[in-house]
Amino acid sequence: MNIVVCVKQVPEVSDADLEINRKGSDIDREDLEFEINEWDNYAVEEAVRLKEAHGGHVTVITLGDEDCEDVLRQSLAMGADEAILIDEDGFEMSDAAGIAKGLHGVVKDLSFDILLTGVQSSDNSWGQVGLILAELLGLPYASLVVGIEMGDGKATVFRELESDTQEKVELPLPAAMTVQTGINTPRYVSILGIKKVRKIKIKETDADELNLSEDEIGAEGSCVTSRKLVIPSIGGAAEMLTGSLDDICNKAAQIIQDKGGLV
Amino acid sequence: MENIFVIAEHRQGEIRDITFEMLNLGNSLAKENDMTVTSVLLGKDTGDIQEKLQKASDRVLVMDAPELADYNADYYLAALEGIIKEKTPRLVLIGHTSAGMDLAPPLSVRTGAPLATDCMDVRLTGDTLEATRQVFGGKINAELSLKPSATYMVTVRPGCFPDAGDLGKSAETDTIPVPEWTNLRGRHFLEYLTSETEDVDIAAADILVSVGRGIGKPENIPMVEEFATAIGATVSCSRPVADKEWLPKSRQVGVSGKTVKPKIYIALGISGAFQHQAGMKNADTIIAVNTDAAAPIFSVAHYGIVGDLLQVIPVLTEKFKNA
């Protein structure tokens, strides 16, 4: 069984102090660390597990500049067999459809049973790329997937709905799925593990080779004509408890007690 | 006629809250722009739902077919592609929910309508659409303008607009003929699954101590349990902790877990993504502890502590032991 996984490199933002660039169009990326998008990490793990259970070949694809090789190396170290980099700056201002078109340029020529992406990326959070890609390929699909069971020429897929409910759907293969966090426990990748895959050659391609024109990708093809970022005011409502650790805990204990906690 | 479509969402015979939130947004946009609001209802035997929609819409379009009883992308796409292409609404509102997230991106490809997902606010101005949404883990807001288009498509974040309820309208219902199903991909809905018996019901607890990613490792959970015991609380968690199986899924607060409304909710190391906030923001008192002063959880908390929960909790626990 062959599986294709599309992955993205994103800035790590949960512990970072974010600042907005002068134009207001993006965050200042200079001091940020980059990592594989969390949802995509689960997708790579799921692909490798499916391969381990049923045999086959896992191909990972990303789109960006050569710094994005890191996420491909990490995926190879997790057990992917092959990696493709669409090395192209032209996607910088793309919308989700533009990114999906770039990936489509490569994926349409691959032979696979299952195409995986993460549900969304932590940076733009559109939640669109995997499903637009499925539509461009004319594939059956399911989003928010938290379980995959392989059958004969088909897959039984568990989708996460609201309120602790799941939906069971059946898809004929080949099919596309967007993977939700928690579907598995991604394996840890050591530096040694990444060293071991350093000899695997990463295939490279670009927009020219894929016959993608500027009006399809990038700012020109994007449905977003302007984007202004603002840092929302946070904590406006919250009364912040300050002082020494002991002071803070005394205040917090008093609040808990006043509001009905055990004395 | 230019108007606003609201794609009504329902499951197992129940209309979903997001439908009335979208009707609230749709009606205010319609008022500002001199448009009408049309609810589009796909399903099977949806009479009760139609009645509710009529009170908050100017028109209700109904398609009734066994294939539409439960949400299925194949049939919903085929039905909506036809309706949208024929009627050319100015704006199509879809919930940013498990169904809407599944439906909207392919529907935007098929109809050619520019799509903005997970929007917290939307404005129609002149020939463009402006939308507000969150990026970078909810720490930044993005104000977007979309390119001119006859039809726009937006998925609306749940919980951002009040329930429209009964606006005193009495819309007419038009039945749309069921099309010949084309472009199907063979997806089949099989069944709904609800989780098995749970160890505790966090929704019934008066006080919740909830742990998030900031707990760092599972070995730190007993420390939180000790604190919870000291104040008479039950332990719950945010998504990353349940994803890693450090606590069972039944303890998860949020859109895909439980909605809770305790007297006190103590959020420890929880950044406060909207999916989490939606499950706890109605608690009477919310106390948040987080190392990141810019964490979105502080926007819904009543009291905030910027600090490491691993340092705060042992000291705080002692206050109750000594009391």
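Below, chain A is the first sequence line, B the second, and so on; all start at residue 1. Source: prediction; values computed, not measured.
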- request: May I ask you to test the B/Asp74-A/Pro140 pair for a side-chain heavy-atom distance under 4.5 Å?
  value: no
message: Is B/Phe227 close to chain A through its backbone or its side chain, or both, or neither, when contacts mean heavy atoms under 4.5 Å?
response: side chain
query: Checking side chain to side chain contact (heavy atoms under 4.5 Å, CB included) against A/Glu162, which of B/Thr259, B/Ile18, B/Thr97 comes through?
result: B/Thr97
message: If I measure from the heavy atoms of chain A, does B/Leu115 come under 4.5 Å with its side chain, its backbone, both, or neither?
response: both
message: Heavy-atom cut-off 4.5 Å, strictly under: side chain, backbone, both or neither for A/Val119 against chain B?
response: side chain
message: Quick one, B/Leu193 and A/Arg159 - any side-chain contact, counting heavy atoms below 4.5 Å?
response: no
field: Segment of B/Asp292 engaging chain A (4.5 angstrom heavy-atom cut-off)
entry: side chain
query: Less than 4.0 Å between a side-chain N and a carboxylate O, is that true for A/Glu135 and B/Arg110?
result: yes
- prompt: Less than 4.0 Å between a side-chain N and a carboxylate O, is that true for B/Asp206 and A/Lys259?
  reply: no
- prompt: Could you go step by step and tell me if B/Arg239 and A/Thr181 meet the side-chain hydrogen bond (donor to acceptor under 3.5 Å, both in side chains) rule?
  reply: CA-CA 9 Å; B/Arg239 173 163 206 128; A/Thr181 59; 2.9 Å; yes
field: Pairing of B/Lys249 and A/Glu160 as salt bridge, 4.0 angstrom limit
entry: yes
field: Proximity breakdown for B/Ile264 and chain A, heavy-atom pairs closer than 4.5 Å
entry: side chain
field: chain A contact via B/Leu129 - side chain, backbone, both or neither, heavy atoms under 4.5 Å
entry: neither
task: Would you mind checking which part of B/Ser256 comes under 4.5 Å of any heavy atom in chain A, side chain (CB onward), backbone (N, CA, C, O), both or neither?
output: both
message: So that I can tick it off, tell me whether B/Arg11 and A/Glu167 are bridged by a salt bridge, with the cut-off set at under 4.0 angstrom between side-chain N and carboxylate O.
response: no
field: Donor-acceptor contact below 3.5 Å, side chain A/Arg227 vs main chain B/Ala142
entry: no
query: If you draw the axis of the six-membered ring of A/Tyr141, does the NZ or CZ of B/Arg185 fall within 45° of it and under 6.0 Å from the ring centre?
result: no
field: Beyond-backbone contact of B/Lys139 with A/Ile231, side-chain heavy atoms, under 4.5 angstrom
entry: no
query: Can you say whether B/Leu316 sits under 4.5 Å from chain A via the side chain, the backbone, both, or neither, judging by heavy atoms?
result: both
task: Pick whichever of A/Ser226, A/Ser25, A/Gly182 has the most heavy-atom pairs under 4.5 Å with chain B.
output: A/Ser226
message: With a 6.0 Å cut-off (strictly less than), is the heavy-atom count around CG of A/Asp123, excluding the residue itself, greater than 12?
response: yes
field: Carboxylate-amine/guanidinium proximity below 4.0 Å for A/Glu38 and B/Arg213
entry: yes
